[in-house]
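For reference, the structure is listed below as structure tokens.
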2 protein chains.
Amino acid sequence: MAESSKNLQQETELDEVDRKIIAELQTNGRITNAELAERVGVAASTCIARVRSLVSRRVITGFTASVDPRAMGLGLQVLVSVTVRSGARQRIRELSEEIAALPEVMQLFFLGGDEDFIIHLAARDADHVRDFVIEHLSAHPAVSSTRTSIVFSHFQNPVRSE
Amino acid sequence: MAESSKNLQQETELDEVDRKIIAELQTNGRITNAELAERVGVAASTCIARVRSLVSRRVITGFTASVDPRAMGLGLQVLVSVTVRSGARQRIRELSEEIAALPEVMQLFFLGGDEDFIIHLAARDADHVRDFVIEHLSAHPAVSSTRTSIVFSHFQNPVRSE
DNA sequence: CCTGAAATCATACCGAT
DNA sequence: ATCGGTATGATTTCAGG
């Protein structure tokens, strides 16, 4: 068996046009197809076919608006590291899925290593963080310990292969 | 001085229409204005004015395509916690900005607490991670220590105020 | 992968609330 | 001051080559 037994189509070849399209759409997800085509140097019909192919192949997984949490009344961000009790390992996935569904949770990293996962939380204030940790983590029978760190600032880059 | 001395316009009021628009655009950033208006229940002209206002007020900070790192040949994600030497505290910001500009860096969290920042890295393989840590972190005179954890999976939610 | 025509969409303007 | 309807020009999209 070669290395082609993966459930993801890693073999999906991306040519120069695909990569340019991806880069443009990461910078401006609402660019018109006409302008995207011009920047990339192909016809509009070709361009839209490429974009649709990238989406259907799951290279592009979606288009989203980025929102400032502070404008939504969420002025405090924290990272919470969670360690699961050794007797409850088999419940990690279940617990993490519960947590990922909560509205305060911006991101969840499911980890190997000392911690089992890290939650990136957006909260109104310190009380909100405390209530979240107590209610959803400390009180949960599978959780062994948590550690909360304040996020002073946060940068997010587009995915670039080089 | 009241609590209005902030550089962010927290006072930006968001009504029901604004919140619906934000929710739709987080789910589908490429929705047409016509369909967005219909879903939200306002006229197209009203809708486009609201969207432009949200963007100019920096409530919406941008529109981006989400890309699967695996499709870009980046099959391994890790979190690297970095602690800065106590004698080099004043260089934390400089160092973090250098690192945020590197192509492997998807996110950088600038923290208070035991660790000074956490880097979310997308890499081709374990060798790539090792090279990154050695070249950009261990070799840097301001870095005291690093800790690398593999990311098994990663969820990202839209920002929801409730 | 490109051209061109029909359908759809974005947006400025203006009256009404 | 903001909203909703209408007209016009731009854009998308699907044939077909």
Side-chain angles (χ1 to χ4, degrees), chain A residues 9-68 70-73 158 161, chain B residues 2-4 6-68 71-73 158-162:
Chain A
Q9 56 285 16
Q10 166 68 44
E11 8 268 313
T12 300
E13 293 293 336
L14 298 180
D15 66 12
E16 186 65 17
V17 171
D18 289 325
R19 279 191 290 267
K20 281 186 182 173
I21 287 173
I22 289 167
E24 290 292 340
L25 288 176
Q26 284 182 324
T27 301
N28 178 8
R30 279 196 81 115
I31 190 174
T32 65
N33 184 62
E35 187 176 347
L36 180 58
E38 187 184 337
R39 289 190 187 210
V40 169
V42 295
S45 59
T46 305
C47 188
I48 203 164
R50 291 296 190 113
V51 172
R52 285 204 264 249
S53 167
L54 289 168
V55 171
S56 72
R57 282 146 66 202
R58 296 280 187 174
V59 175
I60 293 174
T61 57
F63 294 91
T64 64
S66 301
V67 174
D68 184 345
R70 292 170 298 193
M72 303 287 284
S161 64
Chain B
E3 57 178 329
S4 53
K6 302 175 180 174
N7 52 348
L8 7 139
Q9 57 286 17
Q10 165 69 45
E11 9 267 314
T12 301
E13 293 292 336
L14 299 179
D15 67 12
E16 185 65 19
V17 171
D18 290 325
R19 280 191 290 265
K20 282 186 182 174
I21 287 173
I22 289 167
E24 290 291 339
L25 289 175
Q26 284 181 325
T27 302
N28 178 9
R30 286 210 96 173
I31 190 173
T32 65
N33 184 63
E35 187 176 347
L36 179 58
E38 187 183 336
R39 290 193 186 205
V40 169
V42 296
S45 59
T46 305
C47 188
I48 203 164
R50 291 295 191 117
V51 172
R52 285 203 266 247
S53 167
L54 288 168
V55 171
S56 73
R57 281 146 67 200
R58 295 279 185 177
V59 175
I60 293 174
T61 56
F63 294 92
T64 65
S66 302
V67 174
D68 185 346
M72 302 289 283
V159 175
R160 292 169 291 171
S161 64
E162 201 68 14

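Please read these numbers as outputs of a predicted model, since none were measured by experiment. Here is the naming used below: chain letters follow the sequence lines, and residue numbers restart at 1 for every chain.
Using a distance-only test at 3.5 Å, with no hydrogens or angles considered, no donor-acceptor pair links the side chain of A/R50 to the main chain of A/V17.
A distance of 4.5 Å separates CG in B/D18 from CG in B/D15, rounded to the nearest 0.5 Å. For the atom pair CG of B/N28 and CD of B/E35, the computed distance is 7.5 Å after rounding to the nearest 0.5 Å.
Protein atom CZ of B/R50 is 13 Å distant from nucleotide atom C1' of D/dG4, rounded to whole Å.
Between B/T46 and D/dG4, a side-chain N or O to OP1/OP2 separation shorter than 4.0 Å is present.
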statement: With sugar-phosphate taken as primed atoms, P, OP1 and OP2 and all else as base, the protein-contact string of nucleotides 10-17 of chain D at under 4.0 Å (heavy atoms; B, S, -) is -SSSB---
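Of the charged side-chain nitrogens involved, none lies within less than 4.0 Å of a carboxylate oxygen, so that B/K20 and B/E24 do not count as a salt-bridged pair. A salt bridge between B/R58 and A/D68 is absent, with no side-chain N of the basic residue lying under 4.0 Å from a carboxylate O of the acidic one.
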